Amino acid sequence: MSAPKIQAIRGVKDILPSDIASWHILETTARNLSETFGYAEIKIPIFEATELFARSLGAATDVVEKEMYTFEDRDGKLITLRPEGTASVIRAYIEHHLWTESPLVKLYYVGPMFRHERPQAGRFRQFHQIGVEALGSASPWLDVEQLVLLNRLFLALEIAPTTLLLNSLGCPLCRPAYRDALKAFLSQRAENLCEACRRRIDANPLRVLDCKREECRALTRDAPVITGFLGSECVEHFNAVRAGLDDVGVSYVVEPRLVRGLDYYTKTAFEFTAEGLGAQNTIAAGGRYDGLVEALGGPPTPGVGFALGIERVVTLFKKGAPTSPSPDVFIATVGESAKRRVMGTLTALRDAGIKVETDYDQGSLKSQMRRADKLGARHTVILGDDELAKGLAVVRDMATKSQTDVALDGLVAHLITLLAPARRA
RNA sequence: GCGGGUGUAGCUCAAGGGUAGAGCACUGGACUGUGGCUCCAGGGGUUGGGGGUUCGAAACCCCUCACUCGCCCCA
């Protein structure tokens, strides 16, 4: 009776049937849209060699330093539960020489990710992402295309309002100069920055711009901005993305402080945010990563991609979707011989594609009727000893309350014709 | 890893030292084999766990666990 209860691991959630409809709507909408935009699904492994993530995300990244679920395999090799999907997609791209199939490869994936963080609103240790990646083209049109895809997804789901934040992080050619300038600026004001930011000056100066403390924000208000340091190629790219968005009519806010947490991003960086999610208000984020494929051992290949947090988007669904499917027919039974007959009848109806339920424990007829009503059954078949003796069953229309006697032999056929009009609709 | 908040019935929550309650849900009855509405009744709790204070603790104190929100960081 009182065996120790086992709970789900911290930060890991069950997605119960009452929530599943929103998940389905989001997933199917995203899949359809992705395919309309020319992206094909790829299924990537849940775990990979630890090395893959260390190299792709950046060894000094928080994710790699302290958030990965890493364990030793039986042969001693280090394995990590994937904290994100891009690394795997690129690994697969390289491993299967996907560039030989087409100069441009457009992929999407759906599935769980794992990060050992402290859970809070909108943040879990196992969470789910839908990710999209385009490999093989440096065209800003792809950046635009993916932003349009996200924009259309949120429109279709009626998630409003969302804000698109856009920035350019430059490339290995122009970023160092900016980094130095920013460092110099911050160092002069170090004593007035918060403790965390003082540490960041050397470790990751861009992050200081992201600090939420008012004092830090005030101090960095006129800090040098990346856009002032971009080389001509990066400027052109950034302008092209903005022009593309303008052409399509997708609005955005240029946010020079927008910084991505993972090292591999270049040029375009973006983030969609929404209200009503608590502190974690980013619902999708991504950008360009032109050096990543090469860094992982592939041919020099530009790429763009984003990931969307399913849990976060799902919580924005205000519309209550129907939870469990209502049966077409409910079978109520009275008496022993009727009870013995149920399984056969259930099976015959199900073979005909009719959704049937029954009360397996055969409560009182009243409670069975109540259950039929609660489940939303359109018809209830009453199988009682009295009817069986006469070779009949009673079919009750739950809405009109009208009942008809039906011969047992013809019961399935009768129900099929009864339900036919609705199934066509 | 660091802070704040909360743990009472399946769910949402009352009771702020003196007999653990309500609503919803569930089961049964009124209606002996017929759903929704109404009314009545019933089942269900070591008040997260452990220790302490007290004649007496759900309540006060300590520890612990869980959940939750936030920081760091991220989807």
Side-chain angles (χ1 to χ4, degrees), chain A residues 1-2 4-13 16 18 57 60-67 83-86 110-132 150 194-197 199-200 203-204 207 210-213 259-262 270-274 277-286 305-316 330 332-335 338 359 361-388 394-403:
Chain A
M1 277 311 268
S2 58
K5 58 182 171 189
I6 300 175
Q7 303 188 330
I9 302 297
R10 185 202 297 278
V12 164
K13 297 285 185 207
L16 299 174
S18 51
L57 303 184
T61 292
D62 267 29
V63 173
V64 170
E65 273 183 347
K66 50 184 199 190
E67 294 174 2
E84 56 108 51
T86 303
V110 183
M113 306 295 164
F114 307 84
R115 289 182 200 173
H116 191 118
E117 297 180 273
R118 192 70 187 264
Q120 71 185 68
R123 198 171 61 194
F124 315 97
R125 290 186 174 177
Q126 175 177 334
F127 59 102
H128 298 74
Q129 290 187 333
I130 296 172
V132 162
L150 278 170
C194 73
E195 197 191 329
C197 282
R199 276 202 311 271
R200 290 186 189 119
N204 196 344
R207 280 252 154 253
D210 228 16
C211 187
K212 281 160 190 160
R213 285 172 191 267
V259 170
R260 305 268 67 244
L262 313 178
F270 58 83
E271 202 170 292
F272 274 88
T273 61
L277 287 172
Q280 261 59 48
N281 63 348
T282 302
I283 55 178
F306 67 78
L308 168 148
I310 296 186
E311 282 86 350
R312 291 183 186 176
V313 172
V314 160
T315 62
L316 294 171
F330 187 92
T333 61
V334 182
D359 178 10
D361 297 309
Q362 199 183 36
S364 66
L365 181 59
K366 187 190 191 73
S367 72
Q368 295 188 62
M369 292 299 294
R370 196 155 38 211
R371 202 168 136 64
D373 181 55
K374 190 151 265 176
L375 288 172
R378 306 232 314 279
H379 300 278
T380 298
V381 172
I382 300 170
L383 276 184
D385 288 342
D386 299 352
E387 289 82 1
L388 283 181
V394 173
V395 176
R396 179 181 176 88
D397 183 313
M398 295 301 275
T400 66
K401 294 183 168 187
S402 68
Q403 300 191 168

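Hydrogens, waters and symmetry mates play no part in the numbers below; they use all other heavy atoms, side chains included. Here is the naming used below: chain letters follow the sequence lines, and residue numbers restart at 1 for every chain. Just so we're clear, the structure is a prediction, and the values are computed from it rather than from any experiment.
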Is any N or O donor-acceptor pair between the side chain of [X] and the base of [N] shorter than 3.5 Å?
{"X": "A/R123", "N": "B/C73", "value": "yes"}
{"X": "A/Q368", "N": "B/G33", "value": "no"}
{"X": "A/Q280", "N": "B/C73", "value": "yes"}
{"X": "A/Q120", "N": "B/U68", "value": "no"}

With distance as the sole test, does [X] use its side chain to make a donor-acceptor pair with the main-chain N or O of [Y] at under 3.5 Å?
{"X": "A/D397", "Y": "A/A399", "answer": "yes"}
{"X": "A/R312", "Y": "A/G122", "answer": "yes"}
{"X": "A/E311", "Y": "A/H128", "answer": "yes"}

Categorize [X] for me: base, sugar-phosphate, or nothing, with a 4.0 angstrom heavy-atom threshold over every strand shown.
{"X": "A/S367", "value": "sugar-phosphate"}
{"X": "A/Q7", "value": "sugar-phosphate"}
{"X": "A/A285", "value": "sugar-phosphate"}
{"X": "A/G122", "value": "base"}

| message | Which is more 5' along RNA chain B, the nucleotide nearest A/L365 or the one nearest A/L308? Just name the residue. | response | A/L365
| Which comes earlier along RNA chain B counting from the 5' end, the contact point of A/A8 or that of A/V334, where each point is its nearest nucleotide? | A/V334
| Where does B/G16 fall, syn or anti, if syn means a chi angle no more than 90° from 0? | syn
Heavy atoms from C-beta onward define the side chain here; which of [options] lies closest to that of [X]?
{"X": "A/K374", "options": "B/C69, B/A25, B/C72", "answer": "B/A25"}
{"X": "A/K401", "options": "B/G35, B/G1, B/A75", "answer": "B/G35"}
{"X": "A/R312", "options": "B/A75, B/C26, B/U68", "answer": "B/A75"}
{"X": "A/I382", "options": "B/U34, B/G70, B/A75", "answer": "B/U34"}
{"X": "A/K13", "options": "B/G36, B/G70, B/U68", "answer": "B/U68"}
{"X": "A/E387", "options": "B/A75, B/A25, B/G33", "answer": "B/G33"}

When rounded to the nearest Å, what value does the distance between [atom1] atoms of [N] and [M] take?
{"N": "B/G44", "M": "B/U8", "atom1": "C1'", "result": "14 Å"}
{"N": "B/G28", "M": "B/U34", "atom1": "C1'", "result": "16 Å"}
{"N": "B/C37", "M": "B/A25", "atom1": "P", "result": "8 Å"}
{"N": "B/C60", "M": "B/G17", "atom1": "C1'", "result": "8 Å"}
{"N": "B/U54", "M": "B/G3", "atom1": "P", "result": "32 Å"}
{"N": "B/U12", "M": "B/A30", "atom1": "C1'", "result": "29 Å"}
{"N": "B/C63", "M": "B/C72", "atom1": "C1'", "result": "28 Å"}
{"N": "B/A58", "M": "B/U46", "atom1": "P", "result": "13 Å"}

When the distance from [atom1] of [X] to [atom2] of [N] is rounded to whole Å, what number comes out?
{"X": "A/R396", "N": "B/G33", "atom1": "CZ", "atom2": "C1'", "answer": "12 Å"}
{"X": "A/L16", "N": "B/C11", "atom1": "CG", "atom2": "C1'", "answer": "13 Å"}
{"X": "A/R10", "N": "B/C67", "atom1": "CZ", "atom2": "C1'", "answer": "9 Å"}
{"X": "A/D386", "N": "B/G33", "atom1": "CG", "atom2": "P", "answer": "12 Å"}
{"X": "A/F124", "N": "B/C73", "atom1": "CZ", "atom2": "C1'", "answer": "15 Å"}
{"X": "A/K66", "N": "B/C71", "atom1": "NZ", "atom2": "P", "answer": "14 Å"}
{"X": "A/E67", "N": "B/C72", "atom1": "CD", "atom2": "C1'", "answer": "9 Å"}
{"X": "A/H116", "N": "B/C73", "atom1": "NE2", "atom2": "C1'", "answer": "14 Å"}

Taking only the side-chain nitrogens and oxygens of [X], find out if one of them lies under 4.0 Å from OP1 or OP2 of [N].
{"X": "A/K366", "N": "B/G35", "value": "yes"}
{"X": "A/R370", "N": "B/G28", "value": "yes"}
{"X": "A/S364", "N": "B/G28", "value": "yes"}

| message | Evaluate A/E84 against A/Q129 for side chain to side chain donor-acceptor pair (under 3.5 Å), listing each step before the verdict. | response | CA-CA 8 Å; A/E84 56 108 51; A/Q129 290 187 333; over 6 Å; no
| A/I9 atom CD1: more than 12 heavy-atom contacts under 6.0 Å | no
| task | Supply the atom-to-atom distance A/D359 CG to A/F330 CZ, rounded to the nearest 0.5 angstrom. | result | 5.5 Å
| request: Supply the atom-to-atom distance A/D62 CG to A/L57 CG, rounded to the nearest 0.5 angstrom. | output: 11.5 Å
| task | Both distances under 3.5 Å, Watson-Crick or G-U wobble: report the partner of B/G3, or none. | result | B/C69
| remark: Exactly one of A/R10, A/K13, A/M113, A/R115 clears side-chain contact (heavy atoms from CB on, under 4.5 Å) with A/F124, and that residue is A/K13
